[in-house]
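The block underneath contains the structure these notes are about, expressed in structure tokens.
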2 protein chains.
Amino acid sequence: MADDVERVVERLDGDRWERRTVMSTSADRAARVLREQVVEGLLRSGTRLPEQRLAAAIGVSRNTLREALSQLVAERILVREPHRGVVVATPDADDVADVYRVRLLIEPAAVLHGTGHTAPRLAALRAAVEEGWTASGAEDWHGVASANQHFHRAVVALAGSARLDAEAELLLAEMRLFFHRMEAPGEFHRPYLDENAVIADLVLAGRREEAAGRLTDYLASAQGQLVAHFLGPGRR
Amino acid sequence: MADDVERVVERLDGDRWERRTVMSTSADRAARVLREQVVEGLLRSGTRLPEQRLAAAIGVSRNTLREALSQLVAERILVREPHRGVVVATPDADDVADVYRVRLLIEPAAVLHGTGHTAPRLAALRAAVEEGWTASGAEDWHGVASANQHFHRAVVALAGSARLDAEAELLLAEMRLFFHRMEAPGEFHRPYLDENAVIADLVLAGRREEAAGRLTDYLASAQGQLVAHFLGPGRR
DNA sequence: GTTGCCCGATTGTTCAACAATCGAATACGT
DNA sequence: ACGTATTCGATTGTTGAACAATCGGGCAAC
């Protein structure tokens, strides 16, 4: 539990130099590292992040780490409890429902009215489908989940808006948190692979209404499933 | 120009105690103060925000101010130029177009498919229309602009999503930056007041398709107008 | 007039400290 | 034994001072 924190060091020590070559500010690097640790599931929901030890582990000062933490709090990946520290966010059913409310508005709209249906973006959409299939073939469930994210990122990208892309990135990061609270995320994603393919084909064929419709059903179904799961088995 | 910064002090000195009673963290207070100064137009696009003097002016340490600045950078109100400092964002035509791309997706969708068309939210929508009319009657153009923002905030709220509300808040703050770069924002808002009323009535009457349609036209028109303006008069 | 160099100013980052606050363990009263 | 006050250690919020790295502008050399 506490040593989730220590593990940051080991995992990081290798990357340290490489990342330093890319260079940016230390705070950004720290934020990127923590974000990755969280979305990869190495730091799980509810774990506390004591500033002192974490700063030492990452190799930055407490002040610098603080900037990184603030950034991640703004991204809703962490939550700050005043005078008690920051912890990895623990999303509940309401959060799941809310994220899907946003996605249900944005994604079908991007398909339907998006002004960015360019060739490269459509190619990215198609590529995400392929990625999902090959990952599924290799029974790489982590890869399937990843491909799914890429698919939805590609869908939002059809809107052609940098700001919407950024928001989508936040939402998808939150989604990772959801899945880390489930027992078998792989099974969850699998059934949607074929649906992704159908939607992609419809979009490529320019049949936007049908694509948007199926996407809406898709998301609504996933929302119901996830919310039910987060209300807990047996819980009313 | 440089003394825009100094003015923060004067304007703030009065509020200092009151805000302290509400209390939160110093960094949040600093961020709130700066955000207000920017959206109110007292700190204009392009003005630099030297950490040393600004920290002294607001009455917090440089480290604390830094957290506040980072937060506002995340909100796209300020931009950080590495090793050169933070400046108030200077949106260009691309930014305007992008913000409207997002609004064109979200707002009509909120009207059309929003799951939060509750009585209080509909009342808020109606109230924003009234607010605009009274402000217009008093020829209070600042008030008209404000009411307009409230109208669009109310529209997005129809989606019933806290996350979407937060994103809308960011976009509307950016919009204030746009208007501060124009010469006569009042004239810009005035023509849209009646359209707001029509849309609100349609929404209240449950005629969502028509409302969404008019809202789309509305936003597209405003986008065209603003983008043209930002490309500059005479500029192609 | 252009090129190169140096210098002051500002940022990025660290360190060490302190008051305020929280949680828990402790002691107390009944 | 049980609920309540109290102390105490740990952590956060915040400050101030420091230092290297970097940037921009002015100055000098050519």
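Here is the naming used below: chain letters follow the sequence lines, and residue numbers restart at 1 for every chain. Note that the coordinates shown come from a computational prediction; the quantities given were computed from them, not determined experimentally. Values below: all heavy atoms of this structure, side chains included; hydrogens, waters and symmetry mates excluded.
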Go through the structure and list residues passing side chain to side chain donor-acceptor pair (under 3.5 Å) with [X], not counting sequence neighbours.
| X | answer |
| --- | --- |
| A:Arg62 | A:Glu51 |
| B:Tyr192 | B:Ser221, B:Gln225 |
| A:Ser146 | none |
| B:Arg126 | B:Glu130, B:Asp201 |

Take atom [atom1] of [X] and atom [atom2] of [N], then tell me their distance rounded to the nearest Å.
| X | N | atom1 | atom2 | answer |
| --- | --- | --- | --- | --- |
| B:Arg66 | C:dT13 | CZ | P | 7 Å |
| A:Glu67 | C:dT14 | CD | C1' | 12 Å |
| B:Glu51 | D:dA17 | CD | P | 16 Å |
| A:Arg29 | C:dG12 | CZ | P | 13 Å |
| A:Arg53 | D:dT11 | CZ | P | 8 Å |
| B:His83 | D:dT22 | NE2 | C1' | 6 Å |
| B:Gln52 | C:dG8 | CD | C1' | 13 Å |

Can you see if the side chain of [X] gets near the phosphate of [N] - specifically, an N or O under 4.0 Å from OP1 or OP2?
| X | N | value |
| --- | --- | --- |
| B:Arg84 | D:dT22 | no |
| B:Ser26 | D:dG13 | no |
| B:Thr64 | D:dG13 | no |

Side chain to side chain contact (heavy atoms under 4.5 Å, CB included) with A:Asp94: which residues, sequence neighbours excluded?
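A:Asp94 satisfies side chain to side chain contact (heavy atoms under 4.5 Å, CB included) with A:Asp92 only.
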For A:Val60, check side chain to side chain contact (heavy atoms under 4.5 Å, CB included) against everything at least two apart and list the hits.
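With sequence neighbours excluded, A:Val60 shows a side chain to side chain contact (heavy atoms under 4.5 Å, CB included) to A:Ser26, A:Ile58, A:Thr64, A:Leu65, given in chain and number order.
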Return the CG to CG distance between B:Leu171 and B:Asp98, rounded to the nearest 0.5 Å.
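B:Leu171 atom CG to B:Asp98 atom CG measures 9.0 Å (nearest 0.5 Å).
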What parts of residues 72-82 of chain A reach DNA chain D, counting only heavy atoms under 4.0 Å away?
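Only A:Arg80 qualify.
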Can you give me the N/O atom pairs linking the protein to nucleotides 15-19 of chain C at distances under 3.5 Å, or say none if there are none?
from, atom 1, to, atom 2, distance (Å)
C:dC15, N4, A:Asn63, ND2, 2.6
C:dA17, N6, A:Arg62, NH2, 3.3

What I want to check is whether the side chains of B:His189 and B:Gln149 have a donor and an acceptor closer together than 3.5 Å.
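Side chains of B:His189 and B:Gln149: no pair found under 3.5 Å.
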Nucleotide nearest A:Thr25 when distance is taken to its side chain, options C:dC22, C:dG12, C:dT14
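Given the options C:dC22, C:dG12, C:dT14, the side chain of A:Thr25 is closest to C:dG12.
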Give me each pair satisfying side chain to side chain donor-acceptor pair (under 3.5 Å) with a member in residues 166-175 of chain A, each pair once, sequence neighbours excluded.
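As it turns out, the side chain to side chain donor-acceptor pair (under 3.5 Å) pairs with a partner in residues 166-175 of chain A, which skip direct neighbours, are A:Arg76-A:Glu174, A:Arg153-A:Glu169, A:Glu174-B:Arg163.
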